[in-house]
Amino acid sequence: MSQQRLAVLRWYSSLRLYFLLSVILIQVGSYMLGYSLILPRSYLTMLSSEAEEAASMPFLDRLISGLVGLVIAYIPYVGIGWMSYNLINVGEIGLISPLQSIVQLFYLVILTAFPIVDGTLITTVVAVSRVNKVQLPSGFLRTALTQYAVSIGISLILFIILISL
C-alpha cells in the first residue's frame, strides 16, 4: 500500500510541476497579450489615472480589494481565467509604465501560481477519480489539501507584506 501511495505522490508531484509551468506560461502570455494590444490614447490615460488612484488608496482599502482578487484567484479553474484577465490589464498598463507593470506581473505570478495549480489539480484528480470510480490511496487527499492550504497561507502572508511596503 505504501508503494502505491508513493507512486501516486510522485505522479502528482510531476503533474504539479508541468501544470505550474503551463499556468506561468498562460499568465505571461496574458500579460504579453495585454501589452501588445493597440489601444487608443484616451483609454491609456484613463488606465494611468486609475492606476495612480489605486496606488494612493489607504492601506485598508488596498488590502481589502487585493484580498477579494486573491480569493477569486484561489477558486479552482476560475482562478486561471481571473488572473489571466488581470494580467491582460497589467499588460495594458505596461504601455504607460513598463517597469511598474513588470513588477506587478512578478508579484501576481508569485502570489497566485502555486495556489491556482494546487486547487485546480486537487479538483481535477478528485473529479477524475469519482468519475472513473478509482480509489485514491489513503492520505493522498489529506496531503494534497495540506499543500493547497500551505500555498494559500504563504500567498496571503506575502500579499500582506507586499501591501504594507
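Below, each value reflects all heavy atoms present in this structure, side chains not excepted, and no hydrogens, waters or symmetry copies.
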Provide the closest heavy-atom pair for [X] versus [Y] in the form atom of the first, atom of the second, distance.
{"X": "Ala73", "Y": "Ile116", "result": "O-CG1, 3.3 Å"}
{"X": "Gln27", "Y": "Thr112", "result": "NE2-OG1, 3.4 Å"}
{"X": "Ser155", "Y": "Tyr74", "result": "OG-OH, 2.6 Å"}
{"X": "Ser30", "Y": "Ile88", "result": "O-CG1, 3.3 Å"}
{"X": "Asp118", "Y": "Tyr12", "result": "O-OH, 4.0 Å"}
{"X": "Tyr148", "Y": "Pro76", "result": "OH-CD, 4.2 Å"}

A side-chain contact here means heavy atoms from C-beta on lying under 4.5 Å apart; do [X] and [Y] qualify?
{"X": "Leu111", "Y": "Leu162", "result": "yes"}
{"X": "Tyr107", "Y": "Ile163", "result": "no"}
{"X": "Phe159", "Y": "Ile154", "result": "no"}
{"X": "Val150", "Y": "Phe114", "result": "no"}

[Y] reachable from [X] in the ILVMFWY side-chain graph, under 4.5 Å edges:
{"X": "Leu20", "Y": "Val28", "answer": "yes"}
{"X": "Leu156", "Y": "Val71", "answer": "no"}
{"X": "Val78", "Y": "Val68", "answer": "yes"}
{"X": "Trp82", "Y": "Ile24", "answer": "yes"}
{"X": "Leu141", "Y": "Phe19", "answer": "yes"}

Which value, rounded to the nearest 0.5 Å, describes the distance between [X] atom [atom1] and [Y] atom [atom2]?
{"X": "Phe140", "Y": "Ser129", "atom1": "CZ", "atom2": "OG", "answer": "8.5 Å"}
{"X": "Leu21", "Y": "Ile26", "atom1": "CG", "atom2": "CD1", "answer": "11.0 Å"}
{"X": "Asn89", "Y": "Leu37", "atom1": "CG", "atom2": "CG", "answer": "10.0 Å"}
{"X": "Leu121", "Y": "Leu15", "atom1": "CG", "atom2": "CG", "answer": "5.0 Å"}
{"X": "Leu145", "Y": "Ile122", "atom1": "CG", "atom2": "CD1", "answer": "4.5 Å"}
{"X": "Glu92", "Y": "Leu87", "atom1": "CD", "atom2": "CG", "answer": "11.0 Å"}

*Is it the case that more than 12 heavy atoms not belonging to Tyr85 sit under 6.0 Å from its OH atom?*
no
*Should Val125 and Trp11 be marked as a side-chain contact (heavy atoms from CB on, under 4.5 Å) after you check the CA-CA gap, both sets of side-chain angles, and the distance that decides it?*
CA-CA 11 Å; Val125 167; Trp11 167 79; 4.0 Å; yes
*Under 3.5 Å, is there a donor-acceptor pair between the side chain of Thr120 and the main chain of Val117?*
no
*Judged by atom type as modelled, is there a donor-acceptor pair below 3.5 Å linking the side chain of Ser36 to the main-chain atoms of Met32?*
yes
*Using the side-chain contact (heavy atoms from CB on, under 4.5 Å) rule, take Thr124 and Tyr77 through it: C-alpha gap first, then chi angles, then the decisive distance, then the call.*
CA-CA 9 Å; Thr124 305; Tyr77 299 111; 2.4 Å; yes
